[in-house]
Q: 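I'd like to ask some things about the structure below.
These numbers come from the heavy atoms of this one structure, side chains and all, not from hydrogens, waters or symmetry mates.
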Amino acid sequence: MEIRFATPSDLDSLLDLLRANHADNVPDEEKKFGFVTTQITKEQLIDLIEQENGVTVAVDGGRVVSFALAGAWEYWKPWPLFSYMIEILETFQHDGVTMTTENCYQYGPICIDKDYRSTGLFEKVFDFSLASMADRFPYMVTFINQINPRSYAAHVRKGGMVEAGKFDWNNNHYWMMSIRTK
Ligand SMILES: CC(C)(COP(=O)(O)OP(=O)(O)OC[C@H]1O[C@@H](n2cnc3c(N)ncnc32)[C@H](O)[C@@H]1OP(=O)(O)O)[C@@H](O)C(=O)NCCC(=O)NCCS
């Protein structure tokens, strides 16, 4: 098992994992075990690698078994949800500090292949991704859908994240989560 920054040759395998865990393909009764909602293309992932070095992968036997994305708000701005998060970002604080597009970045989604869950891989991929942005930003934020309690539990108990607040968008209820990067 190797945990490292992704290269373009990892992306087909990464997208297979994303598709398998996307809300569109996860039955409702399994959503409590996790799902992702962000849609991203291979071209957008290549931009994320080139502009932000923002793609962490865990690779086992040549297959991507986990990934985590991370990038500055400027990168995420074209997605409607992230554009909304930028609008409301300054209503959230971490340790009394107001979150801004300059002092924090957006991480996520993170995804772990079913066969590799609850193995400690979450912590390793999360920590690698967080450390990789620490010199650029003092804080990281992310959103978690309130019908994804497994992700919330992992990010709080294993990632050390805290809830900065809640928000609603497009008929979904989200937690806004935050953490210091170092
Ligand atoms: C969310 C995800 C990254 C977490 O990684 P993981 O390896 O499953 O995490 P872990 O099993 O180490 O930790 C999850 C914790 O949630 C708990 N948990 C599991 N199912 C749960 C549920 N339905 N409700 C509440 N807690 C739950 C587990 O018991 C575990 O806590 P514990 O180890 O203290 O007992 C992974 O499940 C995943 O990729 N899911 C699909 C995609 C996804 O949801 N991504 C996140 C989008 S925000």
Side-chain angles (χ1 to χ4, degrees), residues 1-27 30-31 33-83 85-86 101 104-145 148 150-155 158-161 177 179 181-182:
M1 173 84 66
E2 205 188 350
I3 295 167
R4 56 168 170 77
F5 292 116
T7 66
S9 63
D10 296 312
L11 297 180
D12 288 334
S13 182
L14 185 159
L15 284 166
D16 285 345
L17 182 60
L18 174 69
R19 264 189 295 274
N21 287 280
H22 196 275
D24 293 348
N25 304 318
V26 175
E30 283 182 27
K31 286 208 165 78
F33 302 120
F35 61 94
V36 300
T37 47
T38 304
Q39 289 284 16
I40 192 160
T41 65
K42 193 170 178 179
E43 291 67 34
Q44 288 167 324
L45 285 166
I46 290 171
D47 287 347
L48 187 55
I49 290 173
E50 288 176 354
Q51 293 169 25
E52 305 280 327
N53 201 16
V55 184
T56 299
V57 284
V59 179
D60 196 17
R63 192 166 68 88
V64 172
V65 296
S66 175
F67 67 82
L69 310 185
W73 291 100
E74 188 60 30
Y75 172 80
W76 294 113
K77 216 162 57 177
W79 281 259
L81 169 59
F82 296 128
S83 165
M85 285 174 73
I86 291 169
T101 51
C104 71
Y105 69 98
Q106 205 293 129
Y107 139 98
I110 184 169
C111 196
I112 315 259
D113 182 282
K114 266 188 183 163
D115 294 344
Y116 292 78
R117 292 186 193 161
S118 301
T119 63
L121 184 57
F122 173 85
E123 292 89 317
K124 290 185 185 139
V125 172
F126 179 89
D127 290 349
F128 185 103
S129 176
L130 189 69
S132 75
M133 290 284 176
D135 288 341
R136 290 176 61 196
F137 300 96
Y139 301 98
M140 174 269 262
V141 305
T142 192
F143 70 96
I144 298 177
N145 195 308
N148 192 348
R150 184 178 187 124
S151 179
Y152 183 90
H155 282 92
K158 287 136 194 227
M161 294 197 79
M177 310 296 292
I179 190 171
T181 55
K182 49 180 163 186

Q: Would you indicate whether the side-chain heavy atoms of L11 and I49 approach each other to under 4.5 Å?
A: yes
Q: Whether R4 and D10 form a salt bridge (side-chain N of Lys/Arg under 4.0 Å from carboxylate O of Asp/Glu) is what I want to check.
A: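 R4 and D10: salt-bridged.
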Q: Please report the closest heavy-atom contact between G159 and F126, naming both atoms and the distance.
A: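 In terms of heavy atoms, the two residues are closest at O-CE2, 3.4 Å.
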Q: Tell me whether T56 contacts the main-chain N or O of V125 through its side chain, where contact means a donor paired with an acceptor under 3.5 Å.
A: no
Q: Minimum heavy-atom separation for S118 to R150, with atom names?
A: OG-NH2, 3.1 Å
Q: Does the side chain of Q106 come within less than 4.5 Å of Y75's, by heavy atoms?
A: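 Y75 does not reach Q106 side chain to side chain.
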Q: Between M161 and I144, is a side chain to side chain contact (heavy atoms under 4.5 Å, CB included) present by the stated rule, with each step listed?
A: CA-CA 11 Å; M161 294 197 79; I144 298 177; over 6 Å; no
Q: To the nearest 0.5 Å, what is the distance between CG (N53) and CZ (F5)?
A: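 Separation between the atoms: 4.5 Å.
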Q: If you compare all heavy atoms of E52 against all heavy atoms of M133, which two are closest, and at what distance to 0.1 Å?
A: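 Closest approach of E52 to M133: O-CE, 3.7 Å.
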Q: Are any non-hydrogen side-chain atoms of T38 and L81 less than 4.5 angstrom apart?
A: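 Contact flag for T38/L81 side chains = no.
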Q: Please assess R19 against D16 for the test salt bridge (Lys or Arg N to Asp or Glu O under 4.0 Å), listing each intermediate value before the final yes or no.
A: CA-CA 5 Å; R19 264 189 295 274; D16 285 345; 3.1 Å; yes
Q: Could you give the distance from CD1 (I86) to CH2 (W79), rounded to the nearest 0.5 Å?
A: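 If I round to the nearest 0.5 Å, the distance is 11.0 Å.
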Q: What are the two closest non-hydrogen atoms of L48 and G71, and how far apart are they?
A: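 Closest pair (atom of L48, atom of G71, distance): CD1-CA, 4.2 Å.
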Q: Measure the spacing between CG of N21 and CG of D113 and express it to the nearest 0.5 Å.
A: 7.5 Å
Q: Quick one, W76 and Y105 - any side-chain contact, counting heavy atoms below 4.5 Å?
A: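 No - every pair of side-chain heavy atoms lies 4.5 Å or more apart.
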Q: If you count heavy atoms of other groups shown closer than 6.0 angstrom to CD of E123, is the number above 12?
A: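 Above 12, so yes.
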Q: Quick one, M1 with V65, criterion side chain to side chain contact (heavy atoms under 4.5 Å, CB included). Give me CA distance, side-chain angles, the key distance, then yes/no.
A: CA-CA 9 Å; M1 173 84 66; V65 296; 3.9 Å; yes
Q: Side-chain contact test, heavy atoms from C-beta onward, threshold under 4.5 Å: evaluate it for K42 versus D12 and give yes or no.
A: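 Yes, side chains in contact.
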Q: To the nearest 0.5 Å, how far apart are CD in Q39 and CG in L18?
A: 6.5 Å
Q: Does K31 NZ have over 12 foreign heavy atoms under 6.0 Å away?
A: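 Yes - once you tally the heavy atoms of other residues, nucleotides and ligands closer than 6.0 Å, there are more than 12.
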Q: Would you indicate whether the side-chain heavy atoms of E30 and F35 approach each other to under 4.5 Å?
A: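 When only atoms from C-beta onward are counted, E30 and F35 do not touch, as no gap falls below 4.5 Å.
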Q: Does the side chain to side chain contact (heavy atoms under 4.5 Å, CB included) test come out yes or no for W73 and V141, once each step is laid out?
A: CA-CA 10 Å; W73 291 100; V141 305; 3.4 Å; yes
Q: So Y116 and S66, do their side chains get closer than 4.5 Å, heavy atoms only?
A: no
Q: Where the side chain of R63 meets the backbone of S13, is there a donor-acceptor pair that is under 3.5 Å apart?
A: no
Q: I need the L15 CG to T41 OG1 distance, nearest 0.5 Å.
A: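 OG1 of T41 is found 8.0 Å from CG of L15.
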Q: Less than 4.5 Å apart, any side-chain heavy atom of F67 and any of C111?
A: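 SC-SC contact between F67 and C111 confirmed.
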Q: Measuring from atom CG of L130 to atom NZ of K182, what distance do you get when rounded to the nearest 0.5 angstrom?
A: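 Rounded to the nearest 0.5 Å, the CG-NZ separation comes to 10.5 Å.
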Q: Considering all heavy atoms of both residues, which atom of A23 and which atom of T37 are nearest to each other, and what is their separation?
A: CB-CG2, 4.1 Å
Q: Tell me the closest heavy-atom pair linking Y107 and T142, and the distance in Å.
A: O-OG1, 2.6 Å
Q: Given the rule in the side chain to side chain contact (heavy atoms under 4.5 Å, CB included) test, do L69 and L45 qualify, once you have shown the distances and angles that lead to the verdict?
A: CA-CA 9 Å; L69 310 185; L45 285 166; 3.9 Å; yes
